[in-house]
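Accompanying notes for the structure given below.
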Amino acid sequence: MDYILLTPGPTPLPPSVYKAMSEPILHHRTSEFGEQFSRALEDLKYVYRTKGEVLMMTASGTGAMESAVVNLLSPGDKALVHQTGAFGERFTKIARAYGLEPVVVDEVWGHAADAEKLRAALKKNPGLKAVFFQHTDTSTGVVNDLAGLAAVVREAQPDALVVVDSISGLGAEELEMDAWGLDVVITGSQKGLMAPPGLAFAALSERAWRAVEAAKLPRFYFDWRTMRRSLPNKETPYTPAVTLVAAQAEALRLIREEGIENVWKRTAALAAYTRAEVQKMGLSLFAKDPADILTAVNLPAGVDGKKLIKDIRVTEHISIAGGQLHLDGKIVRIAHMGWIKKADVDAGLKALAKRLQPTHA
Ligand SMILES: *Cc1c(COP(=O)(O)O)cnc(C)c1O
């Protein structure tokens, strides 16, 4: 059964990525695997726009979030999480699970992180070790101005690390790790990077590496120091998901072939198209600062979003995401990143229109 996936992860895969996964399994301590692995990491540096090292983990995106917390912080450290939705809250929960009590700056869902609010919080809470942001908060469809936010952190607290979750952003929404002064940027394989779920990545600045050496929280599987020591041998410390590495290497080859600026432009164009079409249908956008990776749409009062999504999935085989946490049933989220095409978005919009404006469809 063919489904059209319009969900913000997992996203559909290019045909050559499926093909890469049907090749014979490589052993992870061979030069063949090593070449594929290091090529993927080199291509990731290109996508991240960084000269720093990139690490690969066998985990979903949340594993990379946890790895950032345990590798950068020590018991008693002060950290700040600028929350713009469900994924900001996840950073806070992870930090609490390790006994830390982060300062939380909260935005009303649908709004990007506010620079003035951040500036005030930085002034009130000196001595922060790290400040955590989302690039794109997938739960609300918002994009944060990371260049601006990182500059505010640098000015107020030059020693604080800028840590970014770009799990849904990288490879789809513009990001310049080095030029914007980001210290750590984590991501996952299954969104803009057009591979299946199961791999996560972290890119680090030199400052971030110094923090990793000094950090004291407990860590083992996610210890970035161990991963870095394996890099010269083109290896990971433990058995990686070799099939997914083959898939990711091929997907990155496609991104490199297209050119990352062209990927950003293509994604932005499909986003602008989607936003316009939704508004033509008489629906409003949930995000005040909308990202290009997905469009979050308010449902008219009285529409049961959960039932709507299920009906579209069961009868038309199109998967659209609903709202998370308190937005459950109230919004739908239509992704347009990675391998998602205009024809897929059109099919999703048509299915929505048919149910929301039966007389016009
Ligand atoms: C998808 C996502 C995550 C979580 O990733 P999992 O792969 O589900 O663990 C975290 N942050 C953001 C912004 C995401 O979009």
Side-chain angles (χ1 to χ4, degrees), residues 5-13 47-48 55-70 81-95 97 102 106-107 109-113 131-146 149 162-175 177 182 184-203 221-222 241 244 247-248 251 267 271 286-287 289-296 319-325 327 331-338 340:
L5 268 186
L6 291 175
T7 47
T11 58
L13 307 183
V47 175
Y48 269 111
L55 302 174
M56 183 187 285
M57 294 163 262
T58 299
S60 83
T62 306
M65 294 176 81
E66 180 159 341
S67 77
V69 171
V70 300
V81 182
H82 202 140
Q83 295 184 168
T84 46
F87 293 105
E89 290 181 20
R90 190 168 298 175
F91 263 140
T92 303
K93 284 180 191 160
I94 295 169
D106 229 343
E107 299 294 343
W109 285 31
H111 293 261
V131 182
F132 292 83
F133 300 102
Q134 262 63 40
H135 178 205
T136 46
D137 202 306
T138 324
S139 62
T140 62
V142 153
V143 62
N144 281 319
D145 168 21
L146 290 178
L149 295 167
V162 175
V163 184
V164 174
D165 162 3
S166 186
I167 293 173
S168 61
L170 196 82
E173 193 98 26
E174 184 177 0
L175 181 130
M177 176 160 173
L182 313 178
V184 174
V185 181
I186 56 167
T187 194
S189 52
Q190 80 272 30
K191 298 181 183 182
L193 294 181
M194 304 193 297
L199 293 179
F201 307 96
Y221 184 68
F222 285 130
L244 301 183
Q248 188 63 84
T267 311
F286 177 75
D289 308 283
D292 290 335
I293 57 153
L294 74 90
T295 298
S319 274
I320 295 175
Q324 286 171 280
L325 306 181
L327 291 179
I331 63 167
V332 292
R333 294 175 297 144
I334 303 166
H336 26 67
M337 62 177 115
I340 295 171

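Counting starts at 1 for both ligands and their atoms, following the listed order.
- Near M65, the atoms of ligand 1 lying under 4.0 angstrom from a non-hydrogen atom of the residue are 10 (C).
- Listed by number with element, the atoms of ligand 1 under 4.0 Å from a non-hydrogen atom of T136 are 13 (C).
- A 4.5 Å side-chain heavy-atom check between P290 and T295 finds every atom pair outside the cut-off.
- Taking each heavy atom of V143 and A112 in turn, the nearest pair found is O-CB, 3.5 Å.
- S166 and L175 get closest at one heavy-atom pair: OG-CD1, 4.0 Å.
- For the residue pair S168 and T136, a side-chain donor N or O sits within less than 3.5 Å of a side-chain acceptor on the partner.
- Between F133 and L149 there is a side-chain heavy-atom pair separated by less than 4.5 Å.
- Minimum heavy-atom separation, A95 to P102: CB-CG, 3.9 Å.
- At least one heavy atom of Q190 sits closer than 4.0 Å to an atom of ligand 1.
- The part of R90 lying near ligand 1 is the side chain, judged by heavy-atom distances below 4.0 Å.
- Below 4.0 Å from some heavy atom of I167 lie the following atoms of ligand 1, by number and element: 1 (C), 2 (C), 3 (C), 10 (C), 11 (N), 12 (C), 14 (C).
- Below 3.5 Å of separation, one finds no N or O of F87 facing any N or O of ligand 1.
- Residue nearest to atom 9 (O) of ligand 1, selected from A59, S60, G88: S60 (by heavy-atom distance).
- For ligand 1, the atoms sitting less than 4.0 Å from at least one non-hydrogen atom of T62 are 4 (C), 5 (O), 6 (P), 9 (O), numbered in the order shown with element in parentheses.
- Side-chain contact between R333 and T138 is present, with heavy atoms from C-beta onward closer than 4.5 Å.
- Heavy-atom contacts of K191 reach the following atoms of ligand 1: 1 (C), 2 (C), 3 (C), 14 (C), 15 (O) (cutoff under 4.0 Å).
- Using a 4.0 Å heavy-atom cutoff, D165 is listed among the residues neighbouring ligand 1.
- Backbone and side-chain nitrogen or oxygen atoms of T138 are examined, and one is located within less than 3.5 angstrom of a nitrogen or oxygen of ligand 1.
- When all heavy atoms of Q134 and M65 are compared, the pair lying nearest together is NE2-CE, 3.9 Å.
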